[in-house]
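Treat the numbers as computed from the prediction; the structure is a model and nothing was measured.
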Amino acid sequence: MKDLFIKRFEYYKMLGDQTFAQLSEEDIFWQFNEESNSIAVIVKHVAGNMLSRWTHFLTEDGEKDWRNRDEEFINTFKTKKEVLEYWSKGWNCLFAALDQITEENLYVTIYIRNEAHSVIDAVFRQLAHYPYHVGQIVYLARMRKQGEWKTLSIAKGSSAEFNAGMGMELPESETSG
């Protein structure tokens with residue numbers, strides 16, 4: 001089970017990493033408007049959540065006293081390098097925690113904001129949360145890069161070609177219309 005969790009989280013980390021590779025320093029801090037978060041702010045929130053939730057997750061509440069969630073939505077980063085280092089710090093904490101999961105503790109009760117969760121439920125909770133924000137990061141990057149964006153999945157209009165390469169045949173109705 002642990003390997004499956006790691007595999008899924010690695011996929012979302014990879015999407016973020018491939019997105020950051022396409023972005024300049026200016027792109028990381030760009031905001032669509034004053035009410036929007038920049039990619040840097042989203043990273044600050046995601047990594048802050050990871051550090052809080054997964055540090056000593058088997059023995060301490062996932063909402064740490066030292067976490068200030070509201071501060072996560074105020075950019076304090078100065079460089080793309082700082083953003084990426086914090087991104088890595090959060091993911092490293094998550095993967096170290098996932099490595100502690102065993103068949104024996106999968107259903108042990110842990111707490112997040114004083115709410116009881118099984119370990120597996122806490123993992124599923126974060127498997128919904130982190131991809132949500134990675135999707136925001138990718139979307140903002142696509143908006144910023146526009147025509148320069150290199151897709152991270154199947155390019156628009158290329159599904160049939162991709163499926164053919166995977167040995168999948170589409171029904172004629174899907175290829176002729």
Side-chain angles (χ1 to χ4, degrees), residues 1-23 28-33 35-77 80 82-144 151-154:
M1 184 72 70
K2 166 177 64 175
D3 293 339
L4 183 58
F5 295 152
I6 291 169
K7 177 181 176 182
R8 291 294 166 223
F9 281 113
E10 283 177 339
Y11 173 73
Y12 293 105
K13 181 182 183 304
M14 178 268 306
L15 290 177
D17 291 342
Q18 288 184 359
T19 297
F20 300 137
Q22 296 187 53
L23 300 176
I28 294 280
F29 297 102
W30 177 79
Q31 291 176 251
F32 176 71
N33 60 34
E35 296 299 313
S36 300
N37 292 319
S38 67
I39 290 171
V41 166
I42 296 169
V43 167
K44 188 175 178 187
H45 168 62
V46 170
N49 179 281
M50 289 174 172
L51 292 168
S52 182
R53 295 290 181 265
W54 299 106
T55 298
H56 309 295
F57 80 105
L58 290 170
T59 58
E60 296 178 4
D61 191 286
E63 188 66 14
K64 304 296 187 280
D65 292 340
W66 45 260
R67 182 182 186 208
N68 185 339
R69 185 182 178 279
D70 293 334
E71 284 287 316
E72 292 170 4
F73 294 96
I74 300 168
N75 180 53
T76 54
F77 296 119
K80 178 180 177 180
E82 288 177 317
V83 172
L84 297 181
E85 285 172 352
Y86 199 58
W87 169 260
S88 292
K89 183 177 180 181
W91 285 101
N92 290 340
C93 180
L94 167 66
F95 289 127
L98 293 177
D99 201 44
Q100 297 174 48
I101 295 175
T102 64
E103 294 297 323
E104 292 75 35
N105 68 15
L106 203 53
Y107 294 96
V108 165
T109 300
I110 63 170
Y111 293 87
I112 300 173
R113 294 189 179 130
N114 293 313
E115 181 184 340
H117 295 72
S118 64
V119 169
I120 193 171
D121 186 33
V123 171
F124 287 148
R125 177 180 169 150
Q126 299 316 108
L127 266 172
H129 186 213
Y130 303 149
Y132 170 82
H133 289 302
V134 170
Q136 291 175 322
I137 290 168
V138 172
Y139 189 73
L140 284 171
R142 285 183 64 186
M143 286 174 51
R144 180 69 176 166
T151 188
L152 304 179
S153 68
I154 304 165

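Between the CZ atom of F57 and the CG atom of L98 there is a distance of 7.0 Å, given to the nearest 0.5 Å.
Residue pairs satisfying the salt bridge (charged side-chain N to carboxylate O under 4.0 Å, His left out) criterion with at least one member in residues 129-140, sequence neighbours excluded, are absent. Pairs of residues two or more places apart, or lying in two chains, that qualify as salt bridge (charged side-chain N to carboxylate O under 4.0 Å, His left out) and include a residue from residues 84-104 are K2-D99, K81-E85.
With no hydrogens or angles considered, no side-chain donor-acceptor pair links T55 and K64 at under 3.5 Å.
Listed by chain and residue number, T19, L23, I39, W149 satisfy the side chain to side chain contact (heavy atoms under 4.5 Å, CB included) test with A141 (two or more places apart in sequence, or in another chain). Scanning for salt bridge (charged side-chain N to carboxylate O under 4.0 Å, His left out) contacts around R67 gives E63, E72, with sequence neighbours left out. By the side chain to side chain donor-acceptor pair (under 3.5 Å) test, S36 is found to be paired with N33, residues two or more places apart in sequence or in another chain being considered. For the salt bridge (charged side-chain N to carboxylate O under 4.0 Å, His left out) test, residues two or more places apart in sequence or in another chain that qualify with K13 are D17. Contacts of H56 classified as ring pair (Phe, Tyr, Trp, His ring centres under 6.0 Å), with partners at least two apart in sequence or in another chain: none. For F73, the ring pair (Phe, Tyr, Trp, His ring centres under 6.0 Å) test picks out H45, with sequence neighbours left out. Evaluation of the side chain to side chain contact (heavy atoms under 4.5 Å, CB included) rule for L84 yields F20, K80 as partners, not counting sequence neighbours. When the side chain to side chain donor-acceptor pair (under 3.5 Å) test is applied to Y130, the partners found at least two apart in sequence or on another chain are N49, W54, Q126. Partners of N75 by side chain to side chain contact (heavy atoms under 4.5 Å, CB included), not counting sequence neighbours, listed by chain and number: F29, A40, V41, F77.
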Stepwise side-chain contact (heavy atoms from CB on, under 4.5 Å) check, F5 with L94: CA-CA 11 Å; F5 295 152; L94 167 66; over 6 Å; no
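Panel note: side chain N68, backbone E71; a donor-acceptor pair is recorded below 3.5 Å.
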Please table the atom pairs, donor to acceptor, closer than 3.5 Å between any side-chain atom in residues 113-121 and protein atoms at least two apart or in another chain.
{"residue": "H117", "atom": "ND1", "partner": "E115", "partner atom": "O", "Å": "2.8"}
{"residue": "H117", "atom": "NE2", "partner": "R125", "partner atom": "NH1", "Å": "2.9"}
{"residue": "S118", "atom": "OG", "partner": "D121", "partner atom": "N", "Å": "3.1"}

